[in-house]
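Structure, as structure tokens:
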Amino acid sequence: MKSPTLNQSIMDTLLLQCHHLTQFNQILSQSIVTGFIKDTYAASRILNFSTTQSSIVNLNNYSRKIFDHVENYSNAFIYNTMMRSYLQTNRPKETVFLYKLMSDNKKSVYPDTYTYPLLIQACIARANILEGKEIHDHVVKMGFDSDVYVRNTLINMYAVCGVMIDARKVFDESPVRDSVSWNSILAGYVQMGDVEEAKLVFDKMPDKNIIASNSMIVLFGRCGCVIEAYRLFVNMKEKDIVSWTAMISCYEQRGMYQEALVMFLEMNRKGIGIDEVVVISVLSACAGSAVLETGGSIHGLVVKTGTSCYVNIHNALIHMYSMCADIAAAEQLFDSSSHIDIISWNSMISGYSKCGSLKNAREVFDKMPVKDVVSWSALISGHSQAGMFDETIALFQEMMLYGQIKPDETILVSVISACTRLAALEQGTWVHAYIKKNGLEVNSILGTTLIDMYMKLGCVESAKEVFYKMDKKGVSSWNALILGLAMNGEVEKSLEMFSEMKRCGVVPNEITFVAVLGGCRHMGLVDKGRHHFDSMINTHKIEPNIKHYGCMVDLLGRAGLLKEAEELIDSMPMAPDVATWGALLGACKKHGANEMGERVGLKLIKLQPDHDGFHVLLSNIYASKGSWEDMAEIRGTMTEKRVVKIPGCSIIEANGIVHEFVAGDTGHPQIHEIEEMLDMITERVKMIGYAPDTNEVCFDIDDEEKETTLFRHSEKLAIAFGLMVTNPPTPIRIMKNLRICNDCHTLAKLVSKAFDREIVVRDRHVFHHFRQGSCSCMEYW
DNA sequence: TGCCCCTAGC
């Protein structure tokens, strides 16, 4: 019986004015006392209120109370309302439970066409496709499968679960299809990234509504079809904020930040308005392009429109300022946050790293209450980019020891590059083993980083293995392989891979040609070098850059074609740099072209007065022709200008520790043993024909002293140490900062034979693999 | 009496 004091319209008014829990409780108790709640209409109003006004009422505490009071079950209505309440408050399990309750209730209430869409949504929320299929069977049995709402929800369910065959079946067999049916099936293909099928569906659509068009723009954006996205966008009869946002984020994701910003400005001019989504997208574009000005004015706009209170926008602003290297603005926002989100903490780490303030980055990191993989990644890659390779590896080890975080691709790439730079092969191999053991995906970037590491540390076979196992090889992967093979003396194989690359349809870029020409240079392949240089310009339409010219000058110069090399320098469209002249100077030294050498050397010293190498080369040219006075003058200039000859330095990794030797070094703790070993080496190699090549030491000193200086070359110390602390068949791997000298080269060849050990020396330019008395460089370096 | 389906960002 209805109370005279409470009816539907009074209740509606009361609920409209209800802003506090106490008021709600009054309405509820009045409904219960008067018995008004027994009516489904009243109960559903109260239920809906408690679902939508979660800030006032916690539905969990009330739903069953309200539901259990209902007596009038004339149809499924109250069940549907209840199911929707559960669904909207993220309790899909209870939605399904209620359906089961309804099916075996004794009041003979049956599900209707409204029940199934709710129920199917509950299955989607539970990601339970098996349950969904069961419901689909019920739908057919109950005869609701002709209802367009039910069918559309089924299409949607199959589509979001990725079962496009079933989605398509429901779609194709539908007696009636409305725009939602088309949109739902299209959404499935969009989600799968199936551009071809999506295009077919979209083309067939009778009316290309705004939702479908927006989805297509999103899909084109994700697949990188920017032009198609734009074509669709401009042809749309009407556009909404979603269309604009989709187009902007399409540009943003392809790195076309300028276009994204222009589009945002146009959108503003047209008075479309802004929301949280578009602001975040355009702030990402500002962050990506480091356009601080635009970022700042968007910040102003955000404050004006009051959207700055969203935590996501706050995060995006901090990220934008960090990436634009305006660390002060980022700090200000960060410090003013009432609650700091982990994304903002991470942005601050990246921001400090970007500014090179690694100390601050570490401080922020240490203060963080909870760290995720992004935090570690920002810190580790920050150190790697700052060239702090020891710290990069130490942080990685710290992270692994901590144990909670699985490294992501950025971290792995940073650590592997650090290993490459430090020649820490053991550590690098460990990281690779970790990747394999954990089945992590080796994508193009990670694979290329691994190839680069193995190649630069002289492990050609391991590099090749990585290359062949890669599913997607980018042009950089091929470049790393081609460059690496050439570096390791396998120039023929390198050029073969270059042909193979072209055969696979991969378009070479300018870096590829640096590698190819570099390979020709290492082996003195003048004709091949000329051929590739020409084909780069004429076939591949790549303008040679200064590096390509440098390679060619070096190649021609080394082959003794000094005049042609100098002519090439004269023909360069850009000003030759020190490396180009340096290559010619080196060639002059090699071929005893003292006149040209003197000319080029003096030019170089003018160009870069503080470079040690040119002074040394020039003084060596004077020394070799016996012009001791000129040489003394150069040495004098060097002292005057405080040009110091960079000492030769070799590093060798043994049992996980990197040992460094400098020429003339006496500081190593095991120096006495090393010297004894050196004596033994000398005796053994002298027996098979070694004679010290004292020409290498171009100081004006006597022969005996020359020999001693020669024996203090860093690579000799490293070889001796390597023989002491490693066992065959492990190769002795050494990295040298300068080029290996003639004498050390001869000695290494003989040691590899006399001691039956492989020695791998990476000098400033190439690898030398010494095996059984010969070297992979074929005497050409 | 009423209620049910499809679109965008980090």
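Throughout, protein chains are lettered first and strands after them, A, B, ... in sequence-line order, and every chain is numbered starting at 1.
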Students often get this wrong, so: under 4.0 angstrom with heavy atoms, is [X] touching a base, only sugar-phosphate, or nothing?
X: A/Asn80; value: base
X: A/Thr81; value: nothing
X: A/Asn209; value: nothing
X: A/Ser243; value: nothing
X: A/Ser281; value: nothing

Gap between atoms [atom1] and [atom2], on [X] and [N] respectively (whole Å):
X: A/Asn315; N: B/dG9; atom1: CG; atom2: P; value: 18 Å
X: A/Leu98; N: B/dC3; atom1: CG; atom2: C1'; value: 14 Å
X: A/Ile120; N: B/dC5; atom1: CD1; atom2: P; value: 11 Å
X: A/Asp240; N: B/dC6; atom1: CG; atom2: P; value: 17 Å
X: A/Met157; N: B/dC4; atom1: CE; atom2: C1'; value: 15 Å
X: A/Asn183; N: B/dC6; atom1: CG; atom2: P; value: 10 Å
X: A/Met263; N: B/dA8; atom1: CE; atom2: C1'; value: 15 Å
X: A/Trp244; N: B/dT7; atom1: CH2; atom2: P; value: 23 Å

Could you tell me whether the side chain of [X] and the main chain of [Y] form a donor-acceptor pair under 3.5 Å?
X: A/Ser281; Y: A/Val277; value: no
X: A/Lys354; Y: A/Ser322; value: no
X: A/Ser384; Y: A/Ile380; value: no

*Quick one: which of B/dC5, B/dC6, B/dG9 gets closest to the side chain of A/Ile211?*
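Side chain of A/Ile211 sits closest to B/dC6.
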
*Would you say the side chain of A/Tyr149 and the base of B/dC4 hold a donor-acceptor pair, judged only by whether the two atoms sit under 3.5 Å apart?*
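For A/Tyr149, whose side chain was compared with the base of B/dC4, there is a donor-acceptor pair (under 3.5 Å).
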
*Got a donor-acceptor pair under 3.5 Å from the side chain of A/Glu252 to the base of B/dG9?*
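No.
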
Between [N] and [X], is there an OP1 or OP2 to side-chain N/O distance shorter than 4.0 Å?
X: A/Gln253; N: B/dC10; result: yes
X: A/Asn312; N: B/dC10; result: no
X: A/Gln121; N: B/dC5; result: yes

*About how many Å separate CD of A/Glu196 and SG of A/Cys223, when rounded to the nearest 0.5 Å?*
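So the SG of A/Cys223 and the CD of A/Glu196 are separated by 9.5 Å.
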
*Within a reach of under 6.0 Å around CD of A/Gln23, are more than 12 heavy atoms found that belong to other residues, nucleotides or ligands?*
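Check passes, neighbour count above 12.
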
*Are the ring of A/Tyr114 and the base ring of B/dC3 both nearer than 5.5 Å at their centres and tilted by less than 30°?*
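Yes, A/Tyr114 stacks on the base of B/dC3, since the ring centres sit under 5.5 Å apart and the planes are within 30°.
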
